[in-house]
Amino acid sequence: MIPFSPPRIDQAVVDEVSKALLSGWITTGPRTKKFEQEITDYTGAQKTLCVSSWTNGMEVVLRWWGIGPGDEVIIPAYTYCASANIIVHTGATPVMVDLNKEDFNASVEAIKAAITPNTKAIMGVDISGFPVDFDEIYDVVNSDAAKAQFKPSNDLQKQLGRILVLSDAAHSFGAEYKGKRIGSCADITAFSFHAVKNLTTAEGGAVCFNMPAGFDHEDIYKQFNALILHGQSKDALAKTQKGNWRYDVEEPGFKCNMTDLQAAIGLVELSRYEENLARRKEIFAAYTSAFEKEEWAIIPPYKTVDKTSSYHLYLLRIAGVTEAQRDAIIQEIFEQDVSVNVHFQPLPLLTAYKKRGYKMEDYPEAWNKYANEISLPVYFDLNDEQVQTVIAAVKHAVQKVIG
Ligand SMILES: *Cc1c(COP(=O)(O)O)cnc(C)c1O
């Protein structure tokens with residue numbers, strides 16, 4: 001069976017984790033700090049904070065920004081549930097928008113139309129690793145119309161004076177937008193290092209800060225470092241310094257720090273990340289050259305003049321098939337011992353969001369993308385022979401179902 005997305009765990013990772021285990025320091029410590037610095041250097045962000053997951057990190061961001069009941073956060077209807085769940089946790093309302101025709105990302109026109117005086121943030125999601133239209137989103141939040149109706153409800157929001165631009169970059173570590181790496185394209189970006197993502201720490205994530213001039217990034221980092229550790233004014237590492245045991249808690253915080261064991265995996269992953277991306281790119285190219293001649297294949301976008309994907313997911317679409325035919329094709333592919341997936345079931349299809357009044361018919365483009373989409377395996381250890389097996393399995397399955 002060809003798995004969909006196994007982690008790349010080899011002796012190098014085992015050795016580095018063993019070193020961390022035997023170092024006497026297994027919670028947040030020197031390896032986490034080093035990993036944060038390397039992510040900052042790689043992405044071009046101004047400051048990075050490592051956390052236990054994308055979900056926990058981005059929820060702390062929303063709460064720090066003061067988002068709560070009565071507020072609205074704009075997200076695409078087509079994303080993983082985490083993007084919306086954290087908004088619900090704060091008591092705010094996820095306002096979902098439909099997608100562009102030409103890619104899987106939120107339509108900026110739809111974002112613009114969804115803005116109200118209660119809009120506090122826009123969270124773009126770089127689906128499959130393909131960046132959203134950052135410049136156009138910034139044009140919208142900086143427009144006179146959007147600024148005029150923006151209602152700040154605390155000092156941070158007042159200081160920014162506009163809607164906050166967030167980036168759900170769970171898929172897009174290493175992707176580029178107009179020559180800049182993701183992590184430095186939004187006010188605040190969160191990455192996921194979950195086991196199936198491009199870069200993994202088993203579970204984990206990072207928050208990259210890139211606020212406009214006037215915001216003090218050292219101070220923001222200090223605030224977040226406390227927020228992710230119960231609100232403690234000193235973390236465990238700082239407390240080990242001689243006589244430095246006393247700390248304060250100014251506000252009850254959260255508990256979602258990254259451990260040095262996770263950071264050990266991340267440091268190895270990051271050190272060979274370019275090699276990982278290069279292999280993913282080759283696999284994308286092989287899929288495209290195999291499918292682009294097929295009348296039934298809709299090739300996903302992953303490279304334009306302005307955007308380069310992180311090659312996270314290859315979102316193949318089968319033109320003209322129904323949802324049931326797509327499901328049958330997937331079944332046929334599995335019969336040939338190849339694992340595939342669907343990214344994503346739009347949020348309005350999920351009970352939690354149906355219950356909250358979201359309706360699939362309001363997002364026709366999200367439905368179009370979902371109904372005929374099949375995600376193919378892409379990972380460093382997938383060899384050329386396996387790539388050919390995947391291609392043959394997909395062709396055979398499509399042939400069998402649609403003739
Ligand atoms: C994986 C994923 C997340 C959540 O990441 P975790 O690190 O598991 O919390 C959020 N958004 C998207 C689009 C994802 O794919």
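Counting starts at 1 for both ligands and their atoms, in listed order.
Environment of CD1 in I26: sparse, with no more than 12 heavy atoms of neighbouring residues, nucleotides or ligands closer than 6.0 Å.
Residue pairs that meet the side-chain hydrogen bond (donor to acceptor under 3.5 Å, both in side chains) test with at least one member in residues 267-277, sequence neighbours left out, are D10-R272, Y42-E274, N198-Y273, N276-R280.
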Which donor-acceptor pairs under 3.5 Å do side chains of residues 71-82 form with protein atoms, sequence neighbours excluded?
{"residue": "D71", "atom": "OD1", "partner": "K120", "partner atom": "NZ", "Å": "3.1"}
{"residue": "D71", "atom": "OD2", "partner": "G68", "partner atom": "N", "Å": "3.0"}
{"residue": "E72", "atom": "OE1", "partner": "T116", "partner atom": "OG1", "Å": "2.8"}
{"residue": "Y78", "atom": "OH", "partner": "H343", "partner atom": "O", "Å": "2.7"}
{"residue": "Y78", "atom": "OH", "partner": "F344", "partner atom": "N", "Å": "3.3"}
{"residue": "T79", "atom": "OG1", "partner": "S83", "partner atom": "OG", "Å": "2.7"}

_Pair F224, F209 - check ring-ring contact (aromatic ring centres under 6.0 Å, His included), show working._
CA-CA 11 Å; F224 268 84; F209 297 93; 4.8 Å; yes

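Annotation: cation-pi geometry not satisfied between K234 and Y247 (NZ/CZ under 6.0 angstrom from ring centroid, within 45° of ring axis).
Pocket lining of ligand 1, defined as residues with a non-hydrogen atom under 4.0 Å away: S53, W54, T55, T79, Y80, A82, S83, V125, D168, A170, H171, S192, H194, K197, G204, F344.
Taking V401 as the reference, Q325, A328, I329, E332 meet the side-chain contact (heavy atoms from CB on, under 4.5 Å) condition, with sequence neighbours excluded.
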